[in-house]
Amino acid sequence: MWIIDSICQDQQNAFDYLHQLGEMEKEAESAVDEELNRWIHKKEELIEKKETLLCSKQNIWSDIHVEEAREDIHELKSAVEFLQSLKLGFQKQVKLSDFTGRTVAIDASCWIHKALAVSISQSGNRQRLADIFRKYLLIVKRAAMTIYIVFDGLLLPAKASEVEQRQSDREERLRKADNASLSSKEANKFRSQAASITFDDISTCIDICLEENVRYVMSPYEADAQITFLLNNGYADMVITEDSDLLAYGCKEVIMKLCLSGEGQHLLLDDILDGLKLNFQQFQNMCIVAGCDYLHNVRGIGIRGAYKIISSGDDMFSTLENKGAPNNYKDHFHETKAVFSHQTVFDVNTLKTVPLHMWESNTSTKTKHLCGKYPLYTLACYVCPCGCRMGVLEVTCNSTPNDSVEDMSPKTNGQEEIKIHIINVEEQPFSYNIPSFPVMSVDLLKVQYTWNGVTHLGVINAKEHSALKVGNYTCTSHCKINIGGVDYLVLWELHCDMATSCSAPIDPPGFNSVFNDEGETNVREVQETHCLPFKVLGTCYSTSRQKALEMAFDCMNEYNRPVFVKLKAEPTNQHDKNAIAVHIMTIDDWDKVGYIASELTKYLHEPLKANALDVTVNEVRFRTTFMLVGYYLTIDITKMGLWDDTVIKASSKVK
DNA sequence: CACTAGTGATACCA
DNA sequence: CCTCGTCACTAGTG
């Protein structure tokens with residue numbers, strides 16, 4: 001604008017100026033060009049860098065097999081769905097009590113994750129984690145099963161993109177949670193989705209295992225491989241887990257989807273193999289061909305495609321190449337197979353890390369590295385099978401698999417009994433942080449003891465043996481430990497040779513005799529009755545209802561004490577004059593926990609008035625699906641004569 | 001038609 | 001600083 005003005009006022013000057021401007025523009029242009037070139041160059045650099053990164057990402061897949069195996073889970077779930085669709089009937093609904101006396105290995109991570117999600121969605125913090133974890137533990141204990149809890153091991157460096165993706169997902173959810181327009185309840189739900197397991201959480205759960213005298217194993221890498229090892233070597237008979245990938249590892253007997261009522265789905269690998277007419281190797285191949293992360297499935301090959309290829313008996317690699325598999329597919333396939341077969345696990349007997357299955361002699365060193373000999377050292381914790389105390393063992397692995405753990409393995413078997421004489425106990429405990437695992441720390445006391453006439457240095461758990469005196473002891477659980485370059489023997493479990501006091505576990509309060517009989521007598525005397533389950537709605541409406549139901553759950557499952565139910569019409573209910581509320585009594589008071597579905601109330605009013613209904617608890621169920629977390633109640637309503645078909649239909653339709 | 005890949009919605013009563 | 005969802009449905013493909 002101003003230039004037009006000046007043209008009008010002084011043409012010559014203006015033209016000069018325009019000329020100048022033109023020169024300036026030229027300069028500017030070349031400057032822009034330069035800048036542009038710089039950026040183009042930079043872009044090329046970045047692309048190059050990105051390619052290098054991508055390349056190295058492929059090369060270091062050994063480090064990330066934990067992440068990748070996670071992908072398998074997804075695919076294998078569809079494998080199970082597929083099996084279901086074949087209607088093989090391999091899956092049976094069972095109760096845990098059917099397995100009394102068996103030894104079970106449990107994948108702890110699914111419980112922790114579930115419990116954490118519940119805790120945060122309910123209260124916004126992690127406080128209830130311990131509570132819920134213990135509940136799960138107790139239902140297995142109550143079935144009188146021997147337990148091995150298996151925790152996931154050290155985290156390996158994960159794929160950068162994967163981690164970023166997950167991180168951003170989590171941040172997105174947290175951002176949603178901070179949205180002010182949401183109620184605190186909704187916000188907590190978003191937070192629960194963003195929650196991730198921390199070392200503290202694991203520590204909490206380990207403490208619970210110790211308190212409950214439950215053996216646990218810290219797996220060097222994946223819990224799944226560790227569990228498979230326990231099963232293959234007879235340390236456990238069966239598995240409890242949420243994931244079906246245990247089947248692909250070769251676990252024979254799996255219980256999935258265990259809920260707090262003690263019910264779950266029971267799977268036998270042999271049934272599945274029979275049904276599919278495959279041997280185990282073929283089954284495992286099928287699972288891999290159907291796709292996992294670092295060995296992505298060939299586009300267009302899903303679970304059925306994989307099944308067809310495997311069951312046809314043709315050479316699967318040529319078939320897959322025809323379908324567009326990349327050249328290196330075969331190599332990657334074998335590497336995947338190795339991770340499934342030879343992943344490093346912890347041998348609870350020899351206290352060494354070993355491959356899940358022995359290596360074939362001609363396996364390349366490179367492939368061996370892929371299965372978890374990589375870290376310089378790892379750690380395994382266990383509770384000795386004879387006693388109840390924890391043993392800790394530091395296992396150092398060399399980076400070359402061949403001379404893996406020979407030097408560092410303890411000379412003594414941790415379960416072998418030794419008779420010792422303690423001659424000196426230091427007064428001041430010191431805290432020992434277990435290397436590479438930040439949360440595990442124990443307070444130890446240094447002691448001197450003689451064994452076979454030779455004096456040794458040892459340590460004892462300060463908490464457990466605070467009042468330990470000099471004298472003769474039998475040690476039933478011990479392991480070697482190295483502190484500041486000095487070897488000590490950790491004496492986990494000590495029995496004084498003179499005293500034989502043994503504190504029995506405390507039984508839950510015995511309500512049984514008082515209540516057990518009367519609840520059932522009424523039902524039995526009535527003949528020609530018909531019992532129908534009714535779902536109770538609105539149980540998650542308020543925390544008071546949830547609290548009452550939680551109490552009911554504990555009464556039924558922990559104390560074997562009956563819970564009484566009654567129906568109560570609410571003619572004064574503002575929304576529906578026909579409303580029928582459901583009340584339960586646990587200890588001494590009636591609590592309203594929900595309502596009968598509105599479409600069913602009309603069938604109940606008359607017999608209710610006539611006092612002709614008998615109402616009992618069918619089940620209290622704890623559910624943890626997305627956005628739906630809490631205790632749900634189903635009641636049985638029994639009446640004289642048969643329920644009408646319309647009622648049966650309507651009742652089954654509810655929710 | 002059989003199968004796969006991708007997407008979106010999911011919850012709380014009377 | 002820190003681990004995992006699932007179902008039902010649809011559009012697309014060979």
Side-chain angles (χ1 to χ4, degrees), chain A residues 64 66-78 81-82 85 107-114 116-117 121 126 151-156 158-159 162-163 165-167 169-170 173 183 185-186 189 192-203 222-224 241-245 257 290-291 293 296-308 323-324 437-439 535-543 545-546 567-582 592-601 623-630 632-633 654-655:
Chain A
I64 51 184
V66 166
E67 277 298 316
E68 281 135 5
R70 206 155 286 145
E71 280 298 306
D72 298 340
I73 295 167
H74 184 79
E75 294 303 329
L76 290 166
K77 261 174 201 155
S78 38
E81 277 159 26
F82 164 62
S85 73
D107 178 4
S109 60
C110 59
W111 284 358
I112 299 177
H113 202 267
K114 236 178 181 178
L116 200 59
S121 91
R126 315 172 99 87
F151 291 98
D152 275 317
L154 299 174
L155 291 175
L156 301 186
K159 214 189 304 180
E162 281 275 332
V163 167
Q165 179 62 42
R166 281 207 184 114
Q167 195 62 34
D169 278 3
R170 242 177 266 139
R173 282 172 184 150
S183 71
K185 202 169 177 179
E186 284 166 320
K189 278 182 177 166
S192 89
Q193 293 166 49
S196 54
I197 298 173
T198 68
F199 280 120
D200 278 345
D201 298 332
I202 294 176
S203 176
E222 269 193 280
D224 306 318
T241 178
E242 287 298 288
D243 305 324
S244 41
D245 57 346
K257 302 201 193 258
D293 192 20
H296 207 275
N297 60 334
V298 179
R299 190 159 181 98
I301 304 289
I303 187 64
R304 273 160 201 272
Y307 179 57
K308 269 185 201 159
K323 303 241 179 192
F437 197 75
V439 296
K535 283 160 195 152
V536 177
L537 302 184
T539 53
C540 293
Y541 183 67
S542 70
T543 45
R545 292 182 193 179
Q546 281 295 298
L567 300 179
K568 197 174 173 188
E570 282 187 1
T572 55
N573 191 305
Q574 287 179 29
H575 300 268
D576 183 356
K577 277 181 286 185
N578 295 318
I580 297 178
V582 178
K592 178 155 89 180
V593 291
Y595 286 89
I596 299 289
S598 61
E599 63 265 33
L600 293 174
T601 52
R623 299 193 56 191
T624 56
T625 50
F626 184 75
M627 302 283 264
L628 171 66
V629 165
Y632 288 79
L633 173 67
V654 173
K655 203 154 60 170

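Every chain is numbered from 1 and lettered A, B, ... according to where its sequence line falls, protein lines coming before strand lines.
- As a whole-Å value, the separation of A:Arg545 CZ from B:dA11 P is 18 Å.
- At B:dA14, one or more side-chain N or O atoms of A:Ser598 fall inside 4.0 Å of OP1 or OP2 (strictly under the cut-off).
- A distance of 10.5 Å separates CG of A:Asn573 from OG1 of A:Thr601, quoted to the nearest 0.5 Å.
- Atom CD1 in A:Ile303 sits about 15 Å away from atom C1' in B:dA5, given to the nearest Å.
- Atom name C1', nucleotides B:dT10 and C:dT6: the rounded distance is 9 Å, in whole Å.
- Heavy atoms of A:Arg299 sit under 4.0 angstrom from primed sugar atoms or phosphate atoms, though from no base atom.
- Comparing the C1' positions of B:dC12 and C:dA8 gives an interatomic distance of 22 Å, to the nearest angstrom.
- For the atom pair A:Tyr595 OH and A:Glu570 CD, the distance stands at 3.5 Å (nearest 0.5 Å).
- Going from atom NZ of A:Lys323 over to atom C1' of B:dA2 covers 12 Å, rounded to whole Å.
- Contact annotation: A:Asn297 does not reach the phosphate of B:dT4 (side-chain N/O to OP1 or OP2, under 4.0 Å).
- For A:Tyr307 and B:dA2, the shortest distance from a side-chain N or O to OP1 or OP2 is not below 4.0 Å.
- From A:Asn297, atom CG reaches atom CD1 of A:Ile303 across 10.0 Å, with rounding to the nearest 0.5 Å.
- Taking the side chain as every heavy atom from C-beta outward, A:Leu537 and A:Ile596 never approach each other to under 4.5 Å.
- Separating the CD1 atom of A:Ile301 from the C1' atom of B:dT4 is a distance of 10 Å, rounded to the nearest angstrom.
- The distance between atom CZ of A:Arg304 and atom C1' of C:dT13, rounded to the nearest whole Å, is 16 Å.
- At the heavy-atom level, A:Ser109 lies under 4.0 Å from base atoms of the strands shown.
- Counting non-hydrogen atoms under 4.0 angstrom, A:Gly594 reaches nothing in the nucleic acid.
- Contact between A:Ser598 and A:Asp576 at its shortest, heavy atoms only, is CB-OD2, 4.1 Å.
- Atom P of nucleotide C:dG5 and atom CG of A:Leu116 are separated by 13 Å, given to the nearest angstrom.
- The interatomic distance linking A:Gln546 (CD) with B:dC12 (P) rounds to 11 Å, in whole Å.
- Within the 4.0 angstrom heavy-atom criterion, only backbone atoms of the sugar-phosphate kind lie near A:Asp576; the bases stay farther away.
- For A:Ala579, the side-chain atoms get nearest to B:dA14 when compared with the rest of B:dA14, C:dC4, B:dT4.
- Taking atom CG of residue A:Asn573 and atom P of nucleotide B:dA14, one finds them 9 Å apart after rounding to whole Å.
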